[in-house]
Amino acid sequence: MHAWRLALLPLLILTAALQPAEARTHRAHHKPHKERTAKGTHGLIPAGNGVVIGVLSGDTVTLRDGRVVRLAGILAPKVGSPKAARTAQAGSSQDENAGRPPWPLAEESRHALEELVLNRTVKLMLGGVDHDRYGRILAHLMVRDGRRLVWVQDALLRQGWAELAPHPDAPKGLAALRRAEDHAREGKLGLWADGFYAVRDPDTAFRAQGRYAVVTGRVLDAADARERVYLNFGADRRTDFTVEIDRRDMAAFRARHLSPLDLKDRLVEVRGWVEEHNGPMIRVTNPDQIITTDGRWPHRRPVRGQKEDKDGSDAAPAASDP
């Protein structure tokens, strides 16, 4: 062997020995950071910071720069207004602009949010639609508690001071928020200790008319009526509890290979605003408003070459948030 090759041999051996160690060091430095970021943001997109200077309700805050932020994915009790409360006590509803009377525990819910964010810097995270119909920013909030980053929505749900209110652009972390609410419901914490927020069955759904509620029951019949799909929970469609899904909103179900028609004879939990339309009814705009109580909802395999309905390409509109 030539002398120059003998001279290079120790260098080549040293390089080969160092390269795996450097690669391991590089991976150890970067991989945990990516995992923490994915776990910490739940698929949400950072949208800057702000200092909270006011808490209007259990799900709405004002920032120092003038922005109003509505916490996405949850619904806290409505605080109403003094005028609305006086009108309700007087038994009169002549002033339609007075708003609605406050819901039970509204002030306690607002105070819980104050404890988390008032006069603190929060990180805004977006999960899809970034404004509601009132022009407020729809965002998830993160706040530092020492070294820990607290997801404000998760904390409020876990303490029982808000209800989960999925919207069409729900974040990947929706399952985590659902678990947080389940924790509060099982422990009868916060709102769940008050009968006003009790989970209803089809026979008592009418008691929640005009407000947001969770209803559980068995789907007796599922019908496709051209422009709408109906889930009927009673024998009399004119008086019993019903779920209505507009044809335009079926695109969100098809995107997940789900069909509400498969829910016939299944026990389900549905959440939304209870209206009066031939009995109590909830309009469902996205699949996350419905879950099966056994956690199983048959997925339909997509058929190759199958054409979408004419309305199938329509985007699902944002759920109403009075």
Side-chain angles (χ1 to χ4, degrees), residues 57-60 70-80 84 88 99-106 108-109 132 153 156-168 170 174 177-220 229-234 236-237 239-246 249 260 263 266-293 318-322:
S57 68
D59 56 25
T60 308
R70 168 70 167 80
L71 275 66
I74 65 171
L75 180 72
K78 299 299 181 182
V79 295
R100 53 168 63 89
W103 293 3
L105 301 177
E108 288 84 347
S109 173
D132 66 7
Q153 274 89 331
L156 291 173
L157 288 169
R158 190 168 295 279
Q159 296 169 12
W161 294 120
E163 297 177 78
L164 180 66
H167 52 89
L174 180 64
L177 294 181
R178 199 179 294 278
R179 287 193 297 271
E181 185 192 78
D182 288 344
H183 170 80
R185 283 170 57 174
E186 291 170 3
K188 295 189 180 301
L189 306 177
L191 308 181
W192 304 107
D194 191 296
F196 183 87
Y197 302 97
V199 176
R200 303 293 176 180
D201 58 36
D203 293 334
T204 61
F206 71 93
R207 295 178 182 171
Q209 184 177 331
R211 57 184 174 84
Y212 198 85
V214 179
V215 180
T216 61
R218 185 177 299 277
V219 179
L220 298 186
V229 170
Y230 291 98
L231 303 180
N232 300 304
F233 290 73
D236 190 341
R237 300 178 183 178
T239 59
D240 292 327
F241 176 66
T242 305
V243 166
E244 178 186 287
I245 306 169
D246 192 274
D249 299 320
L263 295 176
R266 302 293 296 277
L267 286 170
V268 303
E269 173 185 289
V270 58
R271 63 183 65 217
W273 291 88
V274 180
E275 307 174 22
E276 170 57 36
H277 183 73
N278 293 331
M281 180 188 72
I282 290 179
R283 298 181 191 271
V284 166
T285 60
N286 72 96
D288 291 315
Q289 288 179 255
I290 305 175
I291 60 171
T292 57
T293 56
S320 60
D321 178 26

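- The two residues Ala162 and Leu157 have their closest heavy-atom pair at O-CD2, 3.3 Å.
- Taking the salt bridge (charged side-chain N to carboxylate O under 4.0 Å, His left out) definition, one finds that Asp203 meets it with nothing, sequence neighbours left out.
- Shown here are the salt bridge (charged side-chain N to carboxylate O under 4.0 Å, His left out) partners of Glu275, two or more places apart in sequence or in another chain: Arg283.
- Contact detail for Gly58 and Ser109: the closest heavy-atom pair is CA-OG, 3.5 Å.
- When side chains are defined from C-beta on, Arg266 does not count as touching Val219, because their heavy atoms never get closer than 4.5 Å.
- Here the closest non-hydrogen pair linking Pro260 and Val229 is CB-CG1, 4.1 Å.
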Exercise. Run the numbers on Leu164 and Leu174 for side-chain contact (heavy atoms from CB on, under 4.5 Å), then give the verdict.
Key: CA-CA 9 Å; Leu164 180 66; Leu174 180 64; 3.7 Å; yes
Listing, residues 191-200 side-chain donor-acceptor contacts under 3.5 Å, not counting sequence neighbours, or none:
| unit_1 | atom_1 | unit_2 | atom_2 | d |
| --- | --- | --- | --- | --- |
| Asp194 | OD1 | Phe196 | N | 2.8 |
| Tyr197 | OH | Pro104 | O | 2.4 |
| Arg200 | NH2 | Gly195 | O | 3.4 |

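- Judged by distance alone, with hydrogens and angles left aside, the side-chain atoms of Asp249 form no donor-acceptor pair with the main-chain N or O of Ile245 at under 3.5 Å.
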Quiz item: Run the side-chain contact (heavy atoms from CB on, under 4.5 Å) check on Phe233 and Thr242 step by step: do they pass?
Solution: CA-CA 6 Å; Phe233 290 73; Thr242 305; 5.8 Å; no
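- Using cut-offs of 30° and 60° for the angle between ring planes, the Tyr212 and Trp273 rings count as perpendicular.
- Put simply, CG on Leu156 and CG on Leu71 are 6.5 Å apart, with the number rounded to the nearest 0.5 Å.
- Residues Gln289 and Val243 have side chains not in contact (no heavy-atom distance under 4.5 Å, counting atoms from C-beta outward).
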Quiz item: Which is it for Leu231 and Ile290 under the side-chain contact (heavy atoms from CB on, under 4.5 Å) test, yes or no, and what are the steps along the way?
Solution: CA-CA 11 Å; Leu231 303 180; Ile290 305 175; 4.2 Å; yes
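- A salt bridge links Glu181 to Arg271: one of the charged nitrogens lies within less than 4.0 Å of a carboxylate oxygen.
- Rounding to the nearest 0.5 Å places CG of Asn232 at 11.0 Å from CD of Glu244.
- Taking 4.5 Å as the limit, every side-chain heavy atom of Phe241 sits out of range of all side-chain heavy atoms of Asp201.
- Closest approach of Val215 to Ala205, counting heavy atoms only: CG2-CB, 4.2 Å.
- Here the CG-OG1 distance, from Leu267 to Thr216, works out to 8.0 Å after rounding to the nearest 0.5 Å.
- Nearest heavy-atom pair across Ile282 and Ala213 is CD1-O, 4.2 Å.
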Exercise. May I have the step-by-step check of side-chain contact (heavy atoms from CB on, under 4.5 Å) for Asp59 and Leu75, ending in yes or no?
Key: CA-CA 6 Å; Asp59 56 25; Leu75 180 72; 4.1 Å; yes
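- Checked by atom type and distance alone, the side chain of Gln159 never pairs as donor or acceptor with a backbone atom of Gly190 at under 3.5 Å.
- Closest approach of Arg158 and Leu189 over heavy atoms only: O-CD1, 3.7 Å.
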